[in-house]
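Written out below as structure tokens is the structure these notes cover.
Since the structure is predicted, the reported quantities are computational estimates derived from the model, not experimental observations.
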Amino acid sequence: MNPVRLITCLIATVACAACSNHWRESNSGLTIADMQNVIAEMEQAQAQSQGSGNLAEALALKDDPDASIYYSDAPSPIGMVPNVLGFFNFEWLGLAADLGYKDITAARVLFFDAPQADGSRKTALIIGIKSGSDQFNYYAFTGTDADIADSSYQASLGNGTGTGDIIVKTVDVSGGSLDTVIQLKVYSSSGAYLGKISTLVGFKN
């Protein structure tokens, strides 16, 4: 894996020319070594089949030299699980309908955005949830059709099964690039709002 460089986590983002400024500020408390260890743990989990969806494909983006990596976890300086995973339920991940925040002891989120030479963008979202055991289970989505503009970013991602496809959106964009701290809103493929990942802190290969 290429060395990871932590990007400054305090930013001001202009939502759009006609809108007021908004701020996102966060400190994940992670070191570079911590970030590398998290990805290594995810790779081990994938090898042990503790994941679903496109986990191997998603993790492969760590080797893309142009990939930006965004991370969040809980409990952490960012907050508790509900502060990171702000979803109405977790059924869209294939989890039980009655699974709630009281059942989740820890969470991790990894998001990759990798511009390609042909103008496309490879993207991946990995959500890790620990409940009822000492191990994380990971749910991965990947895509290749992300679109970024001056004021918004949108990507369609799939889990490789043809069901459970999602759309992620953020307005945390400046100068044609994602900001160093972002919030991702998550929608079903039909456009139903599922909730949000409140804070993701940027790293870069």
Side-chain angles (χ1 to χ4, degrees), residues 9 24-31 34-59 61-62 69-113 123-143 155 157-161 163-170 172 181-190 192-203:
C9 299
R24 293 216 195 283
E25 178 181 343
S26 183
N27 180 0
S28 67
L30 266 79
T31 66
D34 290 334
M35 190 69 228
Q36 293 172 330
N37 288 338
V38 166
I39 292 177
E41 287 180 23
M42 288 184 177
E43 290 179 312
Q44 183 178 8
Q46 189 273 328
Q48 296 174 351
S49 300
Q50 292 168 225
S52 65
N54 296 328
L55 186 55
E57 181 181 345
L59 288 170
L61 288 181
K62 76 182 191 308
I69 305 171
Y70 291 83
Y71 182 74
S72 185
D73 63 0
S76 73
I78 291 175
M80 304 303 290
V81 173
N83 301 121
V84 172
L85 301 181
F87 299 118
F88 299 117
N89 60 64
F90 299 93
E91 290 183 81
W92 61 279
L93 290 173
L95 296 172
D98 60 351
L99 182 76
Y101 288 111
K102 68 182 186 305
D103 306 306
I104 300 174
T105 57
R108 288 173 171 170
V109 182
L110 200 63
F111 180 70
F112 293 91
D113 175 64
T123 54
L125 176 67
I126 303 170
I127 296 177
I129 290 177
K130 185 186 289 188
S131 62
S133 74
D134 294 331
Q135 296 178 325
F136 278 96
N137 284 293
Y138 295 100
Y139 307 88
F141 302 81
T142 58
L157 303 111
N159 61 5
T161 67
T163 61
D165 293 351
I166 58 172
I167 299 167
V168 297
K169 300 179 181 181
T170 183
D172 297 319
V181 178
I182 66 172
Q183 179 181 102
L184 282 183
K185 292 187 175 181
V186 182
Y187 300 80
S188 70
S189 58
S190 63
Y193 181 56
L194 301 173
K196 65 185 178 182
I197 301 163
S198 62
T199 305
L200 287 158
V201 178
F203 296 73

Find the distance between CZ (F141) and CD (E57) and round it off to the nearest 0.5 Å. 13.0 Å
If only atom types and distance count, is the side chain of T105 paired as donor or acceptor with the main-chain N or O of S131 below 3.5 Å? no
Could you grab the distance from atom CD1 of I126 to atom CZ of F136, nearest 0.5 Å is fine? 12.5 Å
V84 and S72 have their tightest heavy-atom pair at CG1-OG, 3.4 Å
Flag the pair L110 / M42 as yes when at least one side-chain heavy-atom distance between them is below 4.5 Å, and no otherwise. yes
Distance flag, aromatic centroids of F90 and Y139, threshold under 6.0 Å: no
Would you indicate whether the side-chain heavy atoms of K185 and Q183 approach each other to under 4.5 Å? yes
Could you check whether any side-chain heavy atom of L157 comes within less than 4.5 Å of a side-chain heavy atom of T123, counting everything from C-beta outward? yes
What are the two closest non-hydrogen atoms of A74 and G79, and how far apart are they? CB-O, 3.4 Å
Nearest 0.5 angstrom please: L184 CG to S198 OG, how far? 10.0 Å
If you look at every heavy atom in D98 and K102, which pair is closest and at what distance? O-NZ, 4.2 Å
Hey, mind stepping through T170 and L200 against side-chain contact (heavy atoms from CB on, under 4.5 Å) and telling me if it holds? CA-CA 11 Å; T170 183; L200 287 158; over 6 Å; no
Taking C-beta and beyond as the side chain, do L125 and F111 meet within less than 4.5 Å on heavy atoms? yes
Could you go through D113 and L61, starting from their C-alpha distance and side-chain angles, then the distance that decides it, and tell me whether this counts as side-chain contact (heavy atoms from CB on, under 4.5 Å)? CA-CA 8 Å; D113 175 64; L61 288 181; over 6 Å; no
Do V38 and Y71 pass the side-chain contact (heavy atoms from CB on, under 4.5 Å) test, and can you show the C-alpha distance, the side-chain angles, and the key distance before you say yes or no? CA-CA 10 Å; V38 166; Y71 182 74; 3.6 Å; yes
Measure the shortest side-chain to side-chain distance between I129 and L95 over non-hydrogen atoms and say whether it is less than 4.5 angstrom. yes
Carefully, step by step, assess E43 and K62 under the rule side-chain contact (heavy atoms from CB on, under 4.5 Å). CA-CA 11 Å; E43 290 179 312; K62 76 182 191 308; 2.8 Å; yes
Between atom CG of N89 and atom CG of L99, what is the distance when rounded to the nearest 0.5 Å? 9.5 Å
Do Y70 and F203 come within less than 4.5 Å of each other through their side chains, counting heavy atoms only? no
Is it possible for you to check whether K169 lies under 6.0 Å from the centre of the six-membered ring of Y187, through NZ or CZ, and within 45° of that ring's axis? yes
Could you check if a side-chain atom of W92 sits within less than 4.5 angstrom of a side-chain atom of I166, using non-hydrogen atoms only? yes
Could you measure the distance from the CG atom of L85 to the CG atom of L93? Nearest 0.5 Å is fine. 8.5 Å
Looking only at atom types and distance, does a side-chain atom of N54 sit under 3.5 Å from a main-chain N or O of G158, one as donor and one as acceptor? yes
Rounded to the nearest 0.5 Å, the OG1 atom of T142 sits from the CG atom of N159 at a distance of 8.5 Å
I would like to know whether D165 and S189 meet side chain to side chain donor-acceptor pair (under 3.5 Å); could you show each step before the answer? CA-CA 5 Å; D165 293 351; S189 58; 5.7 Å; no
Do F87 and K196 come close enough that some side-chain heavy atom pair is under 4.5 Å? no
